[in-house]
Participant: 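One structure coming up, written as structure tokens, with questions to follow.
In what follows, every chain begins at residue 1, and chains take the letters A, B, ... in the order their sequences are listed.
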Amino acid sequence: MTDLEYIAQYFDGELSEDAKKAFEERCAKDEVLAEQVAQYIMIKDALKLELAQHKKARFAQLYEDVLAAEKPQEKQNYPLIRKLSLYAAAACLALVAAWLIFFRSPDSKVMARDYIAANFNNLGVTMGASDQLQQGIAAFNKKDYPTAISIFETLTNDNTFRAEAVKNLGITYLITGEYDKAIAAFDELSKMDLYTNPGLFYKSIALLNKGDKESHEQAKINLEQVVSKDLAGSKEAKAWLDKL
Amino acid sequence: MMLHSDNEIIEGLKRGGSQRQISERDLYKAYFYLIAHGTKKYKISTEDAASAYSDTIISLIHQIVNRKFEGRSALKSYAYQIFSNKCVDLLRKETTNKRKAEYGIPLDSLVYELPDAARNAVQQIIAKDDYSRLTKMLMEVGGKCKQLLLFFEDGYSDKEIAGMTEYNSAEVVKTSRLRCMEKLRTLLKINKR
């Protein structure tokens, strides 16, 4: 066991009580170990700081998104508009109720589009990702989709970032309406050995958006697999299957 | 805005992988109203309240992922408590800065996990050094190394990292991760002032 492993085991709580005590005593007396511990702590503290900065950058973007989503609701605070809104809402409810009673046939395409609008408006900043991947994400968030596609395509050849690049490429094609390409990308993603893999669920979204009968049936089969295998997106898949 | 239950968020965070990213976002949205509350109650700017709120969510994520949140109180009360403390910290900025300046060590540093005698020895060595040079070294260590170390720091297990980054196994991740730490330590030694 190297010194580094020994130090890591101490801070990860993997040492026995006796070994822990011995470590602490040695650390107080042995200058070499104390220096190594100091270096370890400094590195871990720096990583913690870097991680917090990544998360704060992501939350700053989220802050803007939530504010933007809340703004239209604030306008409804004017009394007259509020009153009119209530009438309009009541009329809408009546229409929706009538529609549900007489024409109940949920549009899966709308359901899938709602999901895209709610979840793929922005891509999150990926921790420690390469500058190139960050550039691709930035291009996507600026709605510069051709640049984003070009960057993500290049990165699909990079083993480290391949999964993230393929996923982002599929999402970009989904947004630009190139459903066949999105399906191919998500299909590739679904075959990767990842801890949680949203590939099959995303592929179903692309298939539902494509809209033809065959794709619709295929989406249903995929969603059933997502539920039965408890893959990423299984909760939404279950809810959708009830409506399809 | 669709809100998720405490349990859904907590389980999502513990589940890891891409689900964790989604749950982090849900958690951020869940108590967003605290920002407005902070500006009114503590008379701080929206910017400061939003920053305190981000710190609150980061702290919550860390505690849930590392199984330190035991669920004795509701997530909402817990979040409120942390957020209030962060706002008070902001108001007492001067005191906080004083402590930081005195030791040059972040308040949540691992050094505080050591008992007194060991901490004194290590603290003296750290006090002679400069944290800011580490930021530069993190850039020098390379993208893959940095990603591995950051994922681990974020509470992902070696097995999860293996899945997310396409390393062959958890063992390969662990070896690579320790090698990256060693690389950083070497850089730290070489660049010692």
Side-chain angles (χ1 to χ4, degrees), chain A residues 2 4-5 8 11 23-31 34-52 54-56 58-60 62-63 66 69-70 118-119 124 126-131 133 159-164 167 192-198 232 235, chain B residues 1 15-22 24-25 28-29 32 35 50-51 53-55 57-58 61 105-106 108-111 113-115 117-118 120-123 125-126 129 131 134-135 137-138 143-144 146-151 153-154 159-160 162-166 178 181-182 184-185 188-189:
Chain A
T2 64
L4 190 63
E5 276 177 281
F11 286 106
F23 175 92
E24 287 163 354
E25 280 170 8
R26 222 189 108 190
C27 193
K29 292 171 192 161
D30 182 346
E31 277 182 32
E35 178 148 15
Q36 286 173 341
V37 172
Q39 287 164 352
Y40 180 86
I41 288 175
M42 286 180 76
I43 292 169
K44 292 289 274 186
D45 286 347
L47 285 168
K48 202 184 284 178
L49 191 70
E50 178 87 6
L51 183 67
H54 276 282
K55 284 199 191 291
K56 284 194 105 162
R58 221 179 96 212
F59 291 152
L62 205 49
Y63 174 79
V66 177
E70 279 184 349
N119 294 278
T126 307
M127 274 185 323
S130 71
D131 289 345
L133 184 57
N159 272 342
T160 310
F161 302 112
R162 194 166 146 252
E164 200 63 24
K167 185 181 82 183
M192 291 181 192
D193 185 18
L194 304 175
Y195 184 72
T196 53
N197 193 328
K235 213 175 98 189
Chain B
M1 191 194 311
R15 203 166 149 193
S18 57
Q19 179 56 47
R20 187 171 145 193
Q21 299 272 328
I22 296 167
E24 285 189 2
R25 193 194 57 200
Y28 183 86
K29 287 181 180 175
F32 191 76
I35 297 175
S51 172
Y53 183 67
S54 285
D55 288 340
I57 300 302
I58 291 168
I61 293 168
I105 299 170
D108 57 351
S109 171
L110 278 180
V111 79
E113 289 184 19
L114 291 165
N120 285 341
V122 173
Q123 213 165 341
I125 299 168
I126 295 178
D129 219 308
Y131 267 92
L134 267 157
T135 316
M137 270 163 232
L138 277 179
K144 286 181 187 178
K146 195 173 154 187
Q147 189 191 37
L148 264 187
L149 295 172
L150 284 175
F151 272 135
E153 193 56 41
D154 203 11
K159 192 181 165 195
E160 284 176 291
M164 288 152 73
T165 52
E166 294 193 335
L178 289 171
M181 280 292 276
E182 200 57 67
L184 262 175
R185 232 168 58 164
L188 204 60
K189 269 191 250 173

Participant: Kindly write out the residues that satisfy ring pair (Phe, Tyr, Trp, His ring centres under 6.0 Å) with A:Tyr40, not counting sequence neighbours, or none if the list is empty.
Facilitator: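 Listed in chain order: A:Phe11.
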Participant: Which atoms of B:Ile35 come close to chain A, meaning under 4.5 Å heavy atom to heavy atom: side chain ones, backbone ones, both, or neither?
Facilitator: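 Interface part for B:Ile35: side chain.
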Participant: Using a cut-off of under 4.5 Å on heavy-atom pairs, state which of B:Leu148, B:Asp55, B:Asn120, B:Ile61 scores highest against chain A.
Facilitator: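 With the most close heavy-atom pairs to chain A, the winner is B:Asp55.
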Participant: Who passes side-chain contact (heavy atoms from CB on, under 4.5 Å) against B:Leu178, sequence neighbours left out?
Facilitator: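 Listed in chain order: A:Leu4, A:Glu5, B:Lys174.
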Participant: Identify which part of A:Gln36 has an atom lying under 4.5 Å from any heavy atom of chain B, answering side chain, backbone, both or neither.
Facilitator: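 Both parts, backbone and side chain.
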Participant: Specify which of A:Cys27, A:Ala52, A:Ala38 makes the most heavy-atom pairs with chain B at under 4.5 Å.
Facilitator: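 Among the listed options, the one with the most contacts to chain B is A:Ala38.
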Participant: Between B:Glu153 and A:Lys44, does any side-chain N to carboxylate O distance fall below 4.0 Å?
Facilitator: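 So B:Glu153 pairs with A:Lys44 through a salt bridge.
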Participant: What's the spacing between B:Phe151 CZ and A:Leu51 CG if we round to 0.5 Å?
Facilitator: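 The CG atom of A:Leu51 is 10.0 Å from CZ of B:Phe151, to the nearest 0.5 Å.
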Participant: Relative to chain A, which of B:Pro115, B:Ala121, B:Ala50 shows the most heavy atom pairs under 4.5 Å?
Facilitator: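 Top count of heavy-atom pairs under 4.5 Å with chain A: B:Pro115.
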Participant: Does one side chain, of B:Ser51 or A:Lys56, offer a donor that lies under 3.5 Å from an acceptor on the other?
Facilitator: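 Yes, because at least one side-chain N or O of B:Ser51 sits under 3.5 Å from a partner of the opposite role on A:Lys56.
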Participant: What residue in B:Met137, B:Glu182, B:Met181 has the most heavy-atom pairs under 4.5 Å with chain A?
Facilitator: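 That would be B:Met181.
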